[in-house]
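Throughout, numbering of the chain's residues begins at 1 and tracks the sequence. All ligand and atom numbering here is 1-based and tracks the order in the structure. These numbers come from a predicted model, not from an experiment.
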Amino acid sequence: MASEAVKVIVRCRPMNEREKALSCQAVVGMDSPRGQCFIQNPGATDEPPKQFTFDGAYYESHNTEQIYNEIAYPLVEGVTEGYNGTIFAYGQTGSGKSFTMQGIVDPPTQKGIIPRAFEHVFESVQCAENTKFLVRVSYLEIYNEDIRDLLGADTKQKLEIGSYGAFITVVSECFPAVH
Ligand SMILES: Nc1ncnc2c1ncn2[C@@H]1O[C@H](COP(=O)(O)OP(=O)(O)OP(=O)(O)O)[C@@H](O)[C@H]1O
């Protein structure tokens, strides 16, 4: 992949039970090697599908391990070398953000990006010689226009947003122990 500053990938989840029960029709197709996503208008099947190109396109058959190795791994590796990096998931309710970021334990291929990144960082710390690392963790929820500190004493309390709207005034940080 080319090394743009911002990469955007798309992941298509399988239909859930509700969608299957409603006999919903799949309208998304993908050409993963080309990073292409196709959306067919079910009311106009004679028209060509709309086509979108991303830095990665992952279909329901793909797992989080593949996404981590191809997309997240280089970014986290960069962080261990001192570069800044951000990974965030964006999508409507039920689209699979938590599934991708937090993941599930079984099968292990669907372990999320967050636990994989933690393992990656701490493996790098353990293997490094003559280098000191400081690892800090914060955990925020942004929901609608409200921000909450999930490591704070009161996780229901909304954080104040700075007057320029670009920073928050209080957030807990913890220093994870290496076992
Ligand atoms: N790639 C996937 N494979 C199998 N199941 C998935 C996949 N992605 C999501 N799911 C399932 O779809 C449901 C919704 O996913 P998830 O909770 O991750 O959505 P979300 O975007 O985090 O939603 P919300 O914004 O409401 O928190 C869950 O039951 C999850 O297990």
Could you give the distance from CD1 (Ile104) to CG (Asn63), rounded to the nearest 0.5 Å? 10.5 Å
Within-shell test, Gly91 vs ligand 1, heavy atom, strictly < 4.0 Å: no
Working to the nearest 0.5 angstrom, can you tell me the gap between Ile9 CD1 and Thr100 OG1? 7.5 Å
Distance-only donor-acceptor check, side chains Thr64 and Arg11, under 3.5 Å: yes
What distance do Tyr90 atom OH and Ser95 atom OG have between them, rounded to the nearest 0.5 Å? 10.0 Å
Glu141/Lys156 salt bridge by N-O under 4.0 Å criterion: no
What protein heavy atom is closest to atom 26 (O) of ligand 1, reported as residue, atom name and distance in Å? Thr93 CG2, 3.1 Å
of all protein heavy atoms, closest to atom 3 (N) of ligand 1 is Pro14 CD, 3.2 Å
Option with minimal heavy-atom separation from atom 21 (O) of ligand 1, where the choices are Lys97, Gln102, Glu17: Lys97
SG of Cys37 to OH of Tyr59, rounded to nearest 0.5 Å, is 9.0 Å
For atom 10 (N) of ligand 1, state which one of Tyr143, Phe99, Tyr59 supplies the nearest heavy atom. Phe99
Evaluate Gln110 for polar contact with ligand 1, using N/O atom pairs at a separation under 3.5 Å. no
Does this structure show an ion pair linking Arg116 with Glu119, if we count only N-O contacts that are shorter than 4.0 Å? no
Donor-acceptor pair, distance only, cut-off 3.5 Å: does the side chain of Lys111 make one with the backbone of Glu65? no
Which residue and non-hydrogen atom of the protein lie closest to atom 17 (O) of ligand 1, and at what distance in Å? Ser98 CB, 4.1 Å
Which atoms from ligand 1 have a heavy atom of Arg11 less than 4.0 Å away? 1 (N)
Identity and distance of the protein heavy atom lying nearest atom 13 (C) of ligand 1: Gly94 O, 4.5 Å
What do you think, any protein heavy atom under 4.0 angstrom from atom 29 (O) of ligand 1? no
How far is atom 12 (O) of ligand 1 from its nearest protein heavy atom, and which residue and atom name does that atom have? Arg13 CD, 3.9 Å
Given Cys12, Ala89, Gly96, identify the one with the heavy atom nearest to atom 16 (P) of ligand 1. Gly96
Yes or no: does Gln92 have any heavy atom under 4.0 Å from an atom of ligand 1? yes
For a 4.5 angstrom cut-off between non-hydrogen side-chain atoms, does Val137 reach Phe118? yes
